[in-house]
Amino acid sequence: MGNESGSRGSGIPTLLVGVLVAVVGVVLAAGGAWLAVVGGSWYYLIAGVALLISGVQLIRRRASGAWWYAAVLVGTLGWTAWESGLNYWRWIPRLDVVLILAILVALVMHRLDGGPSRRGAFASAGVLFLGLVIAGALAFVPRGYDNPGQLPDIAAASLATDVGTLQPADRPSDEDWTAYGRDSAATRFSPLDQINVDNVGKLERAWVYRTGDLLDHRWGAETTPLKVGDSVYLCTSRNILISLEASSGEERWRYDPQVSEDAIPYTAACRGVTYYEVPAQRQAELADGGVCQARIISGTLDGRIIEVDAQTGRPCEDFGDNGQVDIKVGMGETPPGYVSINSAPVVVRDVVVTGHQVLDGQRRYPPSGVIKGFDALTGELRWAWDAGRPDRSEPVSGDETYVRGSPNMWTTAAGDSQLGLVYLPMANAAADYWSSSRTPEENEWAASLVALNVETGLPEWHFQTSHVDVWDYDPGSQPTLIDFPTDQGKVPAVIMPTKQGEIYVFDRRDGTPLSGIEERPVPQGGAEPEMRTATQPFSLYHSLQKPELTEQSMWGMSPFDQLFCRIQYRQADYRGMYTPPNADKPWIQYTGYNGGSDWGSVAVDPQRGVIIANYNDMPNYNELVPRAEADRLGWVPRDELAQDRGGAEGAGDPQQGTPYAINVNAGWRVPFTGMLCKEPPYGGIRAIDLASGETIWDRPLGTARSNGPFGIRSGLPIDIGTPNNGGSVVTAGGLVFIAAATDDLIRAIDMRTGKTVWQDVLPAGGQANPMVYEVDGRQYLTIVATGHHFMETPTGDYVVTYALPE
């Protein structure tokens with residue numbers, strides 16, 4: 001029986017619940033009306049009106065208020081099932097607030113006129129609460145793990161390729177890590193197997209070293225150390241070079257090139273250094289009777305190449321001017337931070353090949369992206385190849401300068417001394433999001449993989465990964481060299497991953513594709529319709545791309561921010577991959593500029609024939625901002641600012657010299673919660689059969705333990721798949737080691753299944769590639785943990801090394 005009116009007790013709880021339900025109804029109805037007007041779902045408007053009615057009736061203490069709410073709950077369940085199917089992540093923002101409010105309504109139902117008994121009301125609330133608990137518990141169930149294939153067996157013949165024998169990096173000993181990608185082929189594969197699936201759970205910290213180079217802005221060293229003999233070599237954010245004893249982490253020497261903080265570009269990154277040994281036939285040229293026979297080569301954020309003695313850390317006096325050369329010569333005006341080397345140079349046939357980062361988004365005509373080749377022993381400039389004048393390689397002289405704003409190479413190249421070729425992932429011409437003023441040469445060579453002859457400095461072949469790029473889709477991954485299996489036998493190949501998620505395979509001798517490539521129609525129009533190409537290339541070998549976004553895939557921590565994201569989706573231009581920049585409305589870029597495979601690159605196991613690729617799965621929400629509006633907002637190039645503001649790349653970049661500035665919402669985040677508008681996962685890791693290009697397994701990478709709304713670290717080990725920067729290492733022990741994700745964990749993953757079999761909490765963000773080595777019969781795993789400002793992980797200066805117990 002219902003309660004008598006005199007026994008309903010105080011009306012305050014009912015009033016408060018009614019007001020809360022009504023307020024939620026008003027918000028959803030108002031936002032829902034907006035969404036309906038722009039062509040979106042009518043659910044929010046209908047549910048909002050019903051909740052408003054429910055709230056009013058609850059305030060009046062009418063039982064019909066509970067029935068109206070029950071109708072909303074049942075309707076929401078049905079609508080969620082229709083829109084979301086079995087996608088757990090989609091259920092959360094559609095039901096969390098509705099279910100919590102349902103519990104509150106149930107708790108006050110016995111206070112309503114004609115309402116149920118107190119016992120009945122509390123029983124209903126208990127059932128609803130149990131449903132909420134079960135729904136919350138389901139968040140901890142791993143999902144998104146896909147195992148469609150089987151890991152190949154170890155082959156009788158390795159797919160490791162011959163790139164020559166001129167340097168230790170060409171054919172490193174099993175216990176060493178002699179190049180940024182372990183070897184000149186950039187496989188990131190270690191043949192060590194002392195640590196394996198059966199014993200990896202016993203890993204413990206062997207030593208921890210702190211560099212002392214800590215930053216409070218633009219931090220993110222992204223460093224992978226080298227290990228040669230019994231020494232570990234690394235660089236810090238401000239390019240301090242350090243040698244450590246490999247078994248203990250004890251410092252042997254350090255060299256500080258005195259890089260000023262105003263030289264920091266977008267990030268204070270030093271991804272790695274290069275190890276070089278002077279060949280026997282050139283040792284007679286060494287100064288001081290053999291000093292600097294083995295050298296550590298590093299680029300700096302202020303545009304220098306430095307060589308120091310690997311044994312002592314002292315500058316090699318026979319290289320350039322007392323151990324250094326300035327790559328900015330011939331570039332004209334170069335304000336601090338505009339020309340920075342943040343990736344390890346490559347040595348091919350005694351030529352140090354370096355590109356550099358040109359500060360994005362500032363000007364249409366910043367310094368040139370010219371690639372330079374220096375004599376590794378003397379520092380003499382052998383050649384200079386500028387994509388703005390691609391048929392020339394002789395250095396400029398007199399007052400002549402290299403072409404300003406031409407495409408650069410900010411990431412890491414790969415070299416083949418056997419063929420005498422270096423493989424350059426070329427970036428865009430400036431500015432990233434406007435193309436009308438680019439030259440035909442820039443349009444041809446930008447966003448390309450270029451095979452350059454190190455003897456002549458001229459290109460042998462190239463392939464463009466995006467035509468007339470205005471999406472910042474420059475390839476960021478280091479290419480990997482491998483012997484690729486074909487019906488006609490193994491072919492010397494280069495594997496090229498891209499930000500779009502496409503993975504290409506070419507005969508590295510002449511650029512012949514070894515897998516299918518298809519030019520597909522892409523969206524047209526936008527701010528420069530005459531500049532957009534009708535088609536863009538897509539790989540038929542393998543793609544990390546996910547299905548296109550829909551309004552239903554918008555997300556949030558509640559229906560409120562999900563509604564906000566749905567409105568933004570409907571207000572923007574989005575027609576799939578390569579939606580062109582639009583001056584009239586925002587546009588959605590998916591994948592974003594950090595999507596697919598970036599500077600962490602892929603790892604390749606040449607024994608099993610497996611590619612390990614971690615990837616990001618996030619959109620960007622972009623706006624072209626008219627020049628007058630950008631001027632009003634005070635968006636000026638970095639060198640005109642009184643103080644560097646920091647911030648994400650593209651967020652309020654002026655693009656001076658073009659009609660528009662650019663404002664990028666990287667990851668497409670909700671401004672009032674910081675949550676991403678796209679549903680999880682936001683990043684993953686995948687094993688790919690190298691021979692066929694088919695997926696072996698795929699899974700999310702990263703948990704929510706260091707993430708949450710409003711910047712709050714939730715501490716929850718929910719497998720959401722976070723954004724990730726940095727790559728992996730593969731070992732003969734059947735393990736994949738990777739940090740990269742924003743949860744500050746380093747993991748060991750079983751190559752057979754994709755399951756995590758060990759993990760440890762790092763003292764700072766692990767946005768770097770690990771490395772594996774052996775010394776005195778003991779295998780070690782090292783990760784440099786410095787955090788990353790863009791990934792919002794804690795800053796640090798740690799070198800953390802693990803081993804099995806002695």
Side-chain angles (χ1 to χ4, degrees), residues 151-152 154-155 157-165 167-193 224-228 271-272 274-275 343-344 346-348 411-419 421-423 425 449 477-485 490-497 503-506 508 514 542 597 599-614 685-691 696 726-738 749 751 769-774 781-782:
L151 189 74
I154 295 177
S158 173
L159 296 176
T161 195
D162 183 5
V163 296
T165 59
Q167 287 296 314
D170 295 337
R171 292 188 181 180
S173 61
D174 288 356
E175 63 269 18
D176 282 350
W177 190 282
T178 53
Y180 173 65
R182 183 178 179 267
D183 46 29
S184 296
T187 60
R188 295 174 178 81
F189 170 77
S190 171
L192 300 176
D193 61 4
T224 301
L226 306 185
K227 185 270 182 182
V228 184
R271 297 192 182 97
T274 305
Y275 181 80
S343 298
V346 173
V347 178
V348 183
T411 189
T412 311
D416 184 337
S417 289
Q418 182 88 348
L419 296 175
L421 297 177
V422 61
Y423 302 92
L449 177 62
S477 294
Q478 182 183 26
T480 296
L481 311 184
I482 202 79
D483 279 353
F484 190 74
K490 293 189 290 188
V491 174
V494 55
I495 299 173
M496 185 65 230
I503 299 178
Y504 299 97
V505 185
F506 303 98
R508 69 175 184 269
L514 297 178
H542 192 89
S597 181
W599 55 264
S601 314
V602 300
V604 176
D605 182 338
Q607 296 180 351
R608 294 177 178 87
V610 175
I611 300 172
I612 301 295
N614 60 299
I685 186 168
R686 182 178 298 181
I688 303 162
D689 185 285
L690 190 148
I696 300 169
S728 65
V729 170
V730 187
T731 75
L735 294 169
V736 179
F737 289 108
I738 187 167
I749 296 172
M751 275 192 67
N769 289 41
M771 69 103 161
V772 171
Y773 65 90
E774 182 181 290
L781 163 70
T782 293

Only counting residues at least two apart or in another chain, list the ones meeting salt bridge (Lys or Arg N to Asp or Glu O under 4.0 Å) with Asp689. none
Between CE of Met771 and CG of Asp176, what distance do you get to the nearest 0.5 Å? 9.5 Å
Are the side chain of Glu175 and the backbone N or O of Tyr773 linked by a donor-acceptor pair below 3.5 Å? no
Please name the pair of heavy atoms, one in Lys490 and one in Ala157, separated by the smallest distance, quoted to 0.1 Å. NZ-CB, 4.2 Å
Could you check Ile696, Thr731, Leu735, Val610 and say which one makes a side chain to side chain contact (heavy atoms under 4.5 Å, CB included) with Met751? Val610
Write down the atom of Arg271, the atom of Ser343, and the distance for their closest heavy-atom approach. NH1-OG, 2.7 Å
Of Thr178, Asp162, Thr165, the residue whose pairing with Arg171 passes side chain to side chain donor-acceptor pair (under 3.5 Å): Asp162
About how many Å separate OG1 of Thr411 and OH of Tyr180, when rounded to the nearest 0.5 Å? 6.5 Å
Is there a donor-acceptor pair under 3.5 Å between the side chain of Trp599 and the backbone N or O of Ser601? no
Pairing residues for Ser728 by the side chain to side chain contact (heavy atoms under 4.5 Å, CB included) criterion, not counting sequence neighbours: Ala603, Ile612, Val736, Ile738
Please confirm whether the backbone N or O of Glu774 pairs with a side-chain atom of Lys227, one donor and one acceptor, at under 3.5 Å? yes
Distance-only side-chain donor-acceptor flag, Thr224 / Arg188, under 3.5 Å: no
Interatomic distance, OH@Tyr504 vs CG@Leu514, rounded to 0.5 Å, equals 14.5 Å
Rounded to the nearest 0.5 Å, what's the gap from CZ on Phe484 to CG on Leu690? Could you check? 5.5 Å
Please find the pair of heavy atoms, one from Ala732 and one from Gln607, that lie closest to each other, and give the distance. CB-OE1, 4.0 Å
Decide side-chain contact (heavy atoms from CB on, under 4.5 Å) for Ile688 and Ile503; before the verdict, give the C-alpha distance in whole Å, the side-chain angles of both, and the deciding distance to 0.1 Å. CA-CA 11 Å; Ile688 303 162; Ile503 299 178; 3.8 Å; yes
For Val347 versus Ser417, what's the shortest heavy-atom pair and its separation? O-OG, 4.5 Å
Interatomic distance, CG@Asp605 vs CD1@Ile482, rounded to 0.5 Å, equals 8.5 Å
If you round to the nearest 0.5 Å, how far is CG of Leu481 from OH of Tyr423? 6.0 Å
Heavy-atom pair with the smallest gap, counting every atom of Asn769 and Gly727: OD1-N, 2.7 Å
Would you check, one step at a time, whether the test side-chain contact (heavy atoms from CB on, under 4.5 Å) holds for Ser477 with Val602? CA-CA 8 Å; Ser477 294; Val602 300; 5.7 Å; no
